[in-house]
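Labels below follow one simple rule: chain letters A, B, ... track the order of the sequence lines, proteins then strands, and each chain is numbered from 1. Source: prediction; values computed, not measured.
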Amino acid sequence: MPEALKVSVAGIEMRNPLMLASGVMGSSSASLNRLSEHAGAVVTKSVGLEPVEGYRNPAVINYSHGLINAVGLASPGAKAFAEELKDYAFYSPLIVSLFAHTPEEFAELVSYFEFADGFELNLSCPHAKNVGLAVGSDPELVREIVREVKRATRRPVFAKLSPNVSDIVEIGKAAEEGGADGIVAINTLKGMKIDIFAKRPILSNVSGGVSGEGIKPVAVKCVWDLYEELSIPIIGSGGVTSWKDVIEFMLAGARAVQIGSALFYSNRIFYSLKESLIAYTRMTGERLEDIVGAAHRA
Amino acid sequence: MPEALKVSVAGIEMRNPLMLASGVMGSSSASLNRLSEHAGAVVTKSVGLEPVEGYRNPAVINYSHGLINAVGLASPGAKAFAEELKDYAFYSPLIVSLFAHTPEEFAELVSYFEFADGFELNLSCPHAKNVGLAVGSDPELVREIVREVKRATRRPVFAKLSPNVSDIVEIGKAAEEGGADGIVAINTLKGMKIDIFAKRPILSNVSGGVSGEGIKPVAVKCVWDLYEELSIPIIGSGGVTSWKDVIEFMLAGARAVQIGSALFYSNRIFYSLKESLIAYTRMTGERLEDIVGAAHRA
Amino acid sequence: MFTLRVERVVRHSERISTLYFSKPILAYPGQFIMLNVFGYEEIPLSLSSPRSVTVKAVGETTEKIVSFEGGEVVGVRGPFGNPFSPTSGRALIIAGGIGVAPLAFLHDFLKRCGAEIRVVYGVKNSDELALVERFDNVQIATEDGSAGVRGTVLDLLEDMELNEYDKIYACGPEGMVRALLGFLKERGAVERAELSLERYMRCGIGVCGSCVIENGLRVCADGPVFSGKQLV
Amino acid sequence: MFTLRVERVVRHSERISTLYFSKPILAYPGQFIMLNVFGYEEIPLSLSSPRSVTVKAVGETTEKIVSFEGGEVVGVRGPFGNPFSPTSGRALIIAGGIGVAPLAFLHDFLKRCGAEIRVVYGVKNSDELALVERFDNVQIATEDGSAGVRGTVLDLLEDMELNEYDKIYACGPEGMVRALLGFLKERGAVERAELSLERYMRCGIGVCGSCVIENGLRVCADGPVFSGKQLV
């Protein structure tokens, strides 16, 4: 594995900066094992203490420029999911994504997943009630949640933030103050699609979260702003589809990127992006870690 | 002109619901005259009391899913712009877009444009300092601005809102309380693009506002939410490119739509959209005014 | 998503109907659509021809669909998924239960390819039979003996010479597919087999992960048709 | 935006240079690019060949460009705009000042079309001449008489029989274009003319409105080349 692709994020060593984003193909060890063969790390689908059925279908749709989803944090609950993850083969590090209503619940969740290499706090799901964005738009609460989780585990803790706030940097700073080891930016944007012949919203939940290539400029800007103000590492997420997007996010300040909607194109995408990045680093002679934030210094 | 396309927005009678969005082709009477031959109404480029030079080029760029701009509210100032607009031929109603720092300045601006059919308050530009979003994210200030402008004119006043806030409905309600005759949603999303070979942001201002097809689901959701909570009319804006987009926005609750980035495809777009809408209404037998908000009743 | 009108409904039995749409869908046999019954739910359904789906009532939404009478407007996404690969040689089609739907579409397609086709079709009882008239050369097995031979498709296959067939196609309930895979492996025929799987699906487009099978592949995007080799 | 390296710079005079890029751009004569000089500004420049721009120093950014020595990396958007429409017949090219740039590109193109080409080229003084060597049949006018005849292009045109030409192409400063339009109209030749205009531009892609001319059309997207008919 080429040295030039290696990145270290809050002590997690990754063979490349390509992480599987939460919510995509992350419900079973079977798919995580397959994707982790080439990914730098994988993040599971978000899990809460209790089972959640989620919204009825249609829960995920695509439009010309990305996806819109309202799955509603469907999950088997912490106990059953921890059981499912027992079959994870650890070809690459495992980050478990958590959602909860209170700091205490977040901290309790951690205890189910002591085998994980790190945790991602879903403070940003735009379509679930009382969790996700509902807790992630209050800086005080974010600080408290991160603090509680950090007390409960020695593993790195990442806060995944939403762009659906007036000032994402304010939330990022709160997470940093709470002791977060890194920030993931961004989760999906609130959005919806209406079928003009049926004259009704397509998603059963009416609206959901927009992801994919269309929102990439928004995500790059959030990473840029967070990099300017924070000291902890930033993981970029939002529309990464080609190797050029990976480089763009890294230049903006991301040490790693998450890939979700692009699985729509291929479940071999980690392999093909990795190969493209190898070609890029051979051409330029760069190590990817060295270009993190380089556009700020131009 | 077919009856089926006519809409009335806060007393402004439009031959069709297709408005020219502010900031696009709206700096001169020459272009406004040409576009107003087929548009239902036109909105000028935003103007402030004093001349503003704006940012250096590159100030407008396109990406695969829309545009990103940071023009910086370039404008000749109220006096010179009022002079320029003297040549407007009024083939369709003229809405003058205003930006300012304080309620008093907004109210003063109105006096330069007594010939206008209405005003749009730019409370949402994401890339100008101390104006735009800087004043448009504070509900108190929005209420006060609208109230002052309403005192200064008997013409309809529209508040153009930003999606770069935690809760656009809260801002919309403040505008309604201040006496706004309508809401325009949405302005651009904060975003940026980095050139990976030059390793620097492309826009001279580093970041700007994202518009175009990629952000349409975000705009539709904002219109949907505003329609649920407000009584005043809503004008949809954000990615309208085809006649289907016009219908989708109207079903979500928009009485009219604004078209901006799509001028990139053709400056005959008002003509072609109008013809398509005529074909649509002939096929369905509907009057467009009757489908406003219809998806809420499905 | 686009919308289609249900033009005509053929009720095969109390629990099974075929819906014919007003317009054909450009699709290959084995592909499926996500059919949205407004006010109910969106569900994946294999096409039983370019303009039809054949549905069995197993829950609230499918019960609603089976009771359609024509004229209903439905939402459609797709077609999605990996189709069967055709042959112009000798083909054996193995259908179990409502798994007959994509195989009836495949049968029409293979006929146009000039294939020589034999069908074996197993159900619990004769009430579950549908689309039998679409097949030229078909043997039926029912578990209760109410039609054809008493038994399962495996009983019908027991005495067949599988080496005669260039391609073996199958679709049916999970238990049947599992048993069939074992059988085909034993007979050294698994490399010529293609099997269509069914799983609960959310997105239909390969991102949500709800239809992932044991080997980590996605039924919606990597399947629903898999080669026998991918499954053993 | 993409990036190109400046491979070579030809300095025609103190204030005019031609920059040759490391790669050609797929473009037609009359089209322009937005050239981004990092740290300075992005400006519109007509292509003087598929791999070059010819620039006159008139401000901070153009002064920087003219002083390039090769090896610089620049950002490029485009090519944009409406090109000249070619002819294989008799062509008259009328150049004023740095307006010669797109016309040199056009000249090469028309030659390959088999056109018979005559060029008239006016500048203030001989220091402003550039690309003259690209033309086979050229008459020059300078206002100070430092080269060719003393006067303007209109003086050169005065005695010409414009009816001889199937197409008349022009590019030059605003004053020249205005005078030329009047002259062509008077001679009944405006319908065979195509004129390239210059205006301050922001976006280059037809949305910002900064380059709109009197008739409401956009120089960047509806032009920069307009038919004579569009302008009178």
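The shortest side-chain heavy-atom distance between Phe249(A) and Ile194(B) does not fall under the 4.5 Å cut-off.
For the atom pair Ile168(A) CD1 and Asn164(B) CG, the distance stands at 11.0 Å (nearest 0.5 Å). Taking OG from Ser207(B) and CG from Asp225(A), the interatomic distance works out to 6.5 Å, rounded to the nearest 0.5 Å. For the atom pair OG of Ser64(B) and NE2 of His65(A), the computed distance is 9.5 Å after rounding to the nearest 0.5 Å. Atom CG in Leu189(B) sits 9.5 Å away from atom CD1 in Ile215(A) (nearest 0.5 Å). To the nearest 0.5 angstrom, Ile196(A) atom CD1 is 9.5 Å from Thr284(B) atom OG1.
Residue with the most contacts toward chain A among Arg200(B), Lys193(B), Arg297(B), Glu213(B): Glu213(B) (heavy-atom pairs, distance under 4.5 Å). Listed options Lys216(A), Lys221(A), Lys190(A) were ranked by heavy-atom pairs under 4.5 angstrom with chain B; first place goes to Lys221(A). Ranking Gly208(B), Pro217(B), Gly191(B) against chain A, the residue ahead of the rest is Pro217(B), based on heavy-atom pairs under 4.5 Å.
Across Tyr63(B) and Gly214(A), no two heavy atoms sit closer than the pair OH-O, 2.6 Å. Here the shortest heavy-atom pairing between Val165(B) and Ser166(A) reads CA-OG, 3.4 Å. In terms of heavy-atom proximity, Ala295(B) sits nearest to Pro201(A) at O-CD, 3.8 Å.
For Val220(A), the parts lying near chain B are the backbone and the side chain together; criterion is any non-hydrogen pair under 4.5 Å. Leu133(A) does not touch chain B: none of its heavy atoms, backbone or side chain, sits under 4.5 Å away. Only the side chain of Ile68(A) comes within contact range of chain B, with heavy atoms under 4.5 Å apart. For a residue to count as touching a neighbouring chain, one of its non-hydrogen atoms must lie under 4.5 Å from one of that chain's; by this rule Val218(B) touches chain A with backbone and side chain alike. Within the 4.5 angstrom heavy-atom criterion, only backbone atoms of Asp195(B) (N, CA, C, O) approach chain A.
Salt bridge annotation for Glu248(B)-Lys199(A): absent, with no cationic side-chain nitrogen under 4.0 angstrom from a carboxylate oxygen.
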